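Take a look at the structure set out below.
Below, chain A is the first sequence line, B the second, and so on; all start at residue 1. Bear in mind that the values here come from a model prediction, so they are computed numbers and not experimental data. Computation of the quantities below employed the complete heavy-atom set of this structure, encompassing side-chain atoms and omitting hydrogens, waters and symmetry-equivalent molecules.
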Amino acid sequence: AQSVTQLGSHVSVSEGALVLLRCNYSSSVPPYLFWYVQYPNQGLQLLLKYTSAATLVKGINGFEAEFKKSETSFHLTKPSAHMRDAAEYFCAVSAFGNEKLTFGTGTRLTIIP
Amino acid sequence: NAGVTQTPKFQVLKTGQSMTLQCAQDMNHNSMYWYRQDPGMGLRLIYYSASEGTTDKGEVPNGYNVSRLNKREFSLRLESAAPSQTSVYFCASSQMDRDQETQYFGPGTRLLVL
């Protein structure tokens, strides 16, 4: 079985500051990992995904995530936050790259002007 | 391409009423899903369909039924709505991309059961 834990249901950062959203996973098999973003009153949009090709994954809007097997982590980062990054972010895991995703509980990111 | 579309966008029901949430995708994807999103709980899978003609239960299927009408459409039915089914419902479809499925989501349906 797979699961993900997102540490911090709410994160606030100042505009221009580093964004760090934490995700730890548990999986009995090599995982496939995803980050999705949800803007207010919208559906989820894929930010990036880890497919075992490279441990550092670059996504849209300047976000990236690093897969660390030793720490069972897949934290999402962005060097400089923008106001438009305010949203809820979800980490998700699937096994064998199949279709069933297990989501974390989400982290709401607030950007302080 | 419209991607994944859902109707209605918002619905209010009384306890015991029934309704069907509609979902359609125009990306020729084989797999489709229904999730519910509740505060502090992330997204939980209700049902999914790996291909036309097949459906399987997810994590929280009780109180719901689904129909994979054809490759494009996947509907979710509440036969007798309960206040516990107040939620935001998302439909998704997926395609294989470099040996892995990537899911694409619709805009959601907000359901309030009184």
Quick check: is B:Met19 connected to B:Phe90 through a chain of hydrophobic side chains (ILVMFWY, heavy atoms under 4.5 Å apart)? no
Relative to chain A, which of B:Cys91, B:Ala92, B:Pro107 shows the most heavy atom pairs under 4.5 Å? B:Pro107
Is there a path of hydrophobic side-chain contacts, each under 4.5 Å between heavy atoms of I, L, V, M, F, W or Y residues, that connects A:Leu46 with B:Tyr35? yes
Would you compute the distance between atom CZ of B:Phe105 and atom CD of A:Gln42 and round it to the nearest 0.5 angstrom? 14.0 Å
Side chains of B:Glu59 and A:Thr102: does their closest heavy-atom pair fall under 4.5 Å? no
Under 4.5 Å from any heavy atom of chain B, what part of A:Leu44 do you find: side chain, backbone, both or neither? both
Would you say A:Tyr89 ends up clustered with A:Val19 if hydrophobic residues are merged whenever their side chains have heavy atoms under 4.5 Å apart, either directly or through other cluster members? yes
Which atoms of B:Gln37 are under 4.5 Å from chain A, going by heavy atoms: the side chain, the backbone, both sets, or neither? side chain
Does any heavy atom of chain A fall under 4.5 Å from the side chain of B:Leu45, the backbone, both, or neither of them? side chain
OG1 on A:Thr105 to CG on B:Asp38, rounded to 0.5 Å: 12.5 Å
Please look at A:Gln6 and chain B and tell me whether the side chain, the backbone, both or neither of the residue comes under 4.5 angstrom of a heavy atom of that chain. neither
Flag, side chain of A:Tyr36 to backbone of B:Gln103, donor-acceptor distance under 3.5 Å: yes
Following the transitive rule for hydrophobic clusters with a side-chain heavy-atom cut-off under 4.5 Å over Ile, Leu, Val, Met, Phe, Trp and Tyr, establish whether A:Met83 and A:Leu47 coincide in one cluster. yes
Between B:Arg44 and chain A, with a heavy-atom cut-off of 4.5 Å, which part of the residue counts as in contact: side chain, backbone, both or neither? neither
Nearest heavy-atom contact between B:Arg110 and A:Asn41 is NH2-OD1, 2.8 Å
Quick check: is B:Tyr89 connected to B:Tyr48 through a chain of hydrophobic side chains (ILVMFWY, heavy atoms under 4.5 Å apart)? no
